[in-house]
Amino acid sequence: MVTRQQKRKTASNSPSSYTGGITIKSRRELQAMERAGAIVGSTLALLKRSVEPGMTTGDLNRIAEKNIRSQGAVPAFLGYQGFPATICASVNEEIVHGIPGKRVLQSGDVVKVDVGATIDGFIGDAAVSIPVGEIDDATQQLLDDTRASLYEGIAAAQPGNRIGDIGAAVESYALERGYGVVRQFVGHGIGRFLHEDPQVPNYGEPGKGILLRPGMCICIEPMLNMGTEATKILDDDWTVVTADGAMSAHFEHTLAITKDGPKILTLND
């Protein structure tokens, strides 16, 4: 789940409010982060296998919640700042934070599912964009490029680099291919709280911003549009859509910065 720059969010299932600052995780805390990430990864893998035309976004929500709870975790999004579901399910021009419900998925759609899970007090968070049935070539290229831009950002998340290196890597990859890079919503630090410092934009200048240190955990999550970068929020105060109605894609991983480089905690392939 991406963070809104204009609004600090805190995890509803945490014992106290996040007070700011970057947290460096201990070895034990990183192990807990790995457990949370593995549950998120398994849930996304299950959802990718499950999506088919005719099912609803509410069906996906039920599948995800059952899988998360079956592994001893709890959904990190449910009740968070009033969010009413276990997953975010955003279809086509919906970028992020879509509320699952009665919408029926049709062949040619793209559904973006964002999943969070909490176990042993730590949180994992990741997202994928899933084609429903057959999609056109341009939409498939958008999905491929957005996923590739995520891995460009991850490759830049080396200890000693800075947050700006991540954003610059994502942005340059996307702009070279003609996409709008969403700027209003950004990635984030993560740990005991869903949204911790630092913010991780999908744009930036190399060598600028917060220093990446071993023990930091962050979420990188490019959101690329086939049209402009402009967005708007629907009347439900959650669902973010492209301002021009163009298709959008979203991919996300939680990763730990280690002395040997970035380690992805939410693999789902």
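For reference, positions follow the sequence shown, starting with 1.
- For the pair Thr43 (side chain) and Ala64 (backbone), a donor-acceptor distance under 3.5 Å is absent.
- With salt bridges taken as basic N to acidic carboxylate O contacts below 4.0 Å, one links Asp269 and Arg147.
- A donor-acceptor contact closer than 3.5 angstrom is absent between the side chains of Ser42 and Asn268.
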- [ ] Go through the steps for Thr3 and Phe185 under the test side-chain contact (heavy atoms from CB on, under 4.5 Å), then give the verdict.
- [x] CA-CA 6 Å; Thr3 184; Phe185 298 85; over 6 Å; no

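- Listed here is the closest heavy atom pair of Ala127 and Leu44: N-CD1, 4.0 Å.
- A donor-acceptor contact shorter than 3.5 Å links the side chain of Asp59 to the backbone of Thr56.
- Heavy atoms only, all atoms of each residue included: Ile123 and Ala76 are closest at CG2-CB, 3.9 Å.
- Under the rule for a salt bridge (charged side-chain N to carboxylate O under 4.0 Å, His left out), Asp244 has no partner lying at least two apart in sequence or in another chain.
- In terms of heavy atoms, Tyr173 sits closest to Glu152 at CD1-CG, 3.7 Å.
- When side chains are defined from C-beta on, His97 does not count as touching Thr239, because their heavy atoms never get closer than 4.5 Å.
- Tracing side-chain contacts under 4.5 Å through hydrophobic residues (I, L, V, M, F, W, Y), one reaches Ile24 starting from Ile166; they form part of the same cluster.
- A donor-acceptor pair is defined here as one N or O able to donate and one able to accept, closer than 3.5 Å; no such pair exists between the side chain of Gln141 and the backbone of Ala138.
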Donor-acceptor pairs are to be reported for all side-chain atoms of residues 204-226 against protein atoms at under 3.5 Å, with residues two or more places apart or in another chain.
from, atom 1, to, atom 2, distance (Å)
Glu221, OE1, His250, NE2, 2.9
Glu221, OE2, His188, NE2, 3.4
Asn225, OD1, Ser248, OG, 2.7
Asn225, ND2, Thr228, O, 2.9

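- Pairing each heavy atom of Ile119 with each of Ala32, the nearest pair is CG2-O, 4.4 Å.
- Looking at Glu252, its side chain does come within 3.5 Å of a backbone N or O of Met1 through a donor-acceptor pair.
- Taking 4.5 Å as the limit, some side-chain heavy atom of Leu46 sits within range of a side-chain heavy atom of Ser50.
- The side-chain heavy atoms of Asp145 and Tyr179, taken from C-beta on, include a pair separated by under 4.5 Å.
- Connection of Val111 to Phe251 is established within a shared hydrophobic cluster, with ILVMFWY side chains joined at heavy-atom distances below 4.5 Å, either directly or through further cluster members.
- With sequence neighbours excluded, the residues satisfying salt bridge (charged side-chain N to carboxylate O under 4.0 Å, His left out) with Glu171 are Arg183.
- With contacts defined as side-chain heavy-atom distances shorter than 4.5 Å, the pair Leu60/Ile87 qualifies.
- Counting only residues at least two apart or on different chains, the side-chain hydrogen bond (donor to acceptor under 3.5 Å, both in side chains) pairs with a member in residues 255-266 are Glu34-Lys263, His253-Thr266.
- Side-chain atoms of Asp197 come within 3.5 Å of backbone atoms of Gly21 as a donor-acceptor pair (strictly under, hydrogens ignored).
- Side-chain contact between Asn92 and Met247 is present, with at least one heavy-atom pair separated by less than 4.5 Å.
- Side-chain atoms of Asn161 come within 3.5 Å of backbone atoms of Ala156 as a donor-acceptor pair (strictly under, hydrogens ignored).
- Taken to the nearest 0.5 Å, the CG atom of Leu255 stands 10.5 Å off from the CG atom of Leu267.
- Sorted by first and then second residue, the ring pair (Phe, Tyr, Trp, His ring centres under 6.0 Å) pairs involving residues 107-145 (not counting sequence neighbours) form an empty list.
- In the hydrophobic clustering of this structure, Ile190 does not group with Ile264; members are Ile, Leu, Val, Met, Phe, Trp, Tyr whose side-chain heavy atoms approach within less than 4.5 Å, directly or through other members.
- Under a 4.0 Å N-O distance rule, the pair Arg162/Asp165 does not qualify as a salt bridge.
- In this structure a side-chain-to-backbone donor-acceptor pair under 3.5 Å is present from Ser107 to Glu134.
- Side-chain atoms of Val170 and Tyr151, non-hydrogen and from C-beta on, never get closer than 4.5 Å to each other.
- Looking at Asp136 and Gln140, their side chains never bring a donor and an acceptor atom within 3.5 Å of each other.
- At least one donor-acceptor pair closer than 3.5 Å links the side chain of Glu196 to the backbone N or O of Phe193.
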TODO: Evaluate the side chain to side chain donor-acceptor pair (under 3.5 Å) criterion for residues Gln184 and Thr231: first the C-alpha distance (whole Å), next the side-chain angles of each, then the deciding distance (0.1 Å), finally the verdict.
DONE: CA-CA 8 Å; Gln184 185 180 0; Thr231 68; 2.5 Å; yes

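- Residue Phe83 comes nearest to Pro100 through the heavy atom pair CZ-CD, 4.4 Å, listed as atom of the first residue, atom of the second, then distance.
- Linking Ile, Leu, Val, Met, Phe, Trp and Tyr whenever their side-chain heavy atoms come within less than 4.5 Å leaves Val186 and Ile22 in two separate clusters.
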- [ ] Determine, stepwise, if the pair Val182 / Thr242 fulfils side-chain contact (heavy atoms from CB on, under 4.5 Å).
- [x] CA-CA 9 Å; Val182 173; Thr242 55; over 6 Å; no

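- Residue Ala117 comes nearest to Ala73 through the heavy atom pair CB-CB, 4.3 Å, listed as atom of the first residue, atom of the second, then distance.
- Rounding to the nearest 0.5 Å gives a distance of 9.0 Å between CG of Leu150 and CG of Asn202.
- Only one option out of Arg192, Arg35, Arg28 pairs with Asp120 in a salt bridge (charged side-chain N to carboxylate O under 4.0 Å, His left out); it is Arg35.
- In this structure the side chain of Pro75 reaches within 4.5 angstrom of the side chain of Ile68, judged on heavy atoms.
- If you chain together hydrophobic residues whose side chains sit under 4.5 Å apart, Val200 and Tyr203 never meet in one group.
- We find the NZ-CD1 distance between Lys25 and Ile257 to be 10.5 Å, quoted to the nearest 0.5 Å.
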TODO: Could you walk me through whether Lys112 and Ile95 pass side-chain contact (heavy atoms from CB on, under 4.5 Å), step by step?
DONE: CA-CA 8 Å; Lys112 286 134 278 183; Ile95 302 170; 5.9 Å; no

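- Rounding to the nearest 0.5 Å places CG of Asp109 at 12.0 Å from CD1 of Ile130.
- Thr118 contributes no side-chain N or O that, together with a main-chain N or O of Gly121, makes up a donor-acceptor pair within less than 3.5 Å.
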- [ ] Start with the C-alpha distance between Val115 and Leu47, add both sets of side-chain angles, then the distance that settles side-chain contact (heavy atoms from CB on, under 4.5 Å), and finish with yes or no.
- [x] CA-CA 10 Å; Val115 174; Leu47 292 174; 4.0 Å; yes

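- Screening residues 27-70 for ring pair (Phe, Tyr, Trp, His ring centres under 6.0 Å), with sequence neighbours left out, gives no hits.
- With contacts defined as side-chain heavy-atom distances shorter than 4.5 Å, the pair Phe77/Asp114 qualifies.
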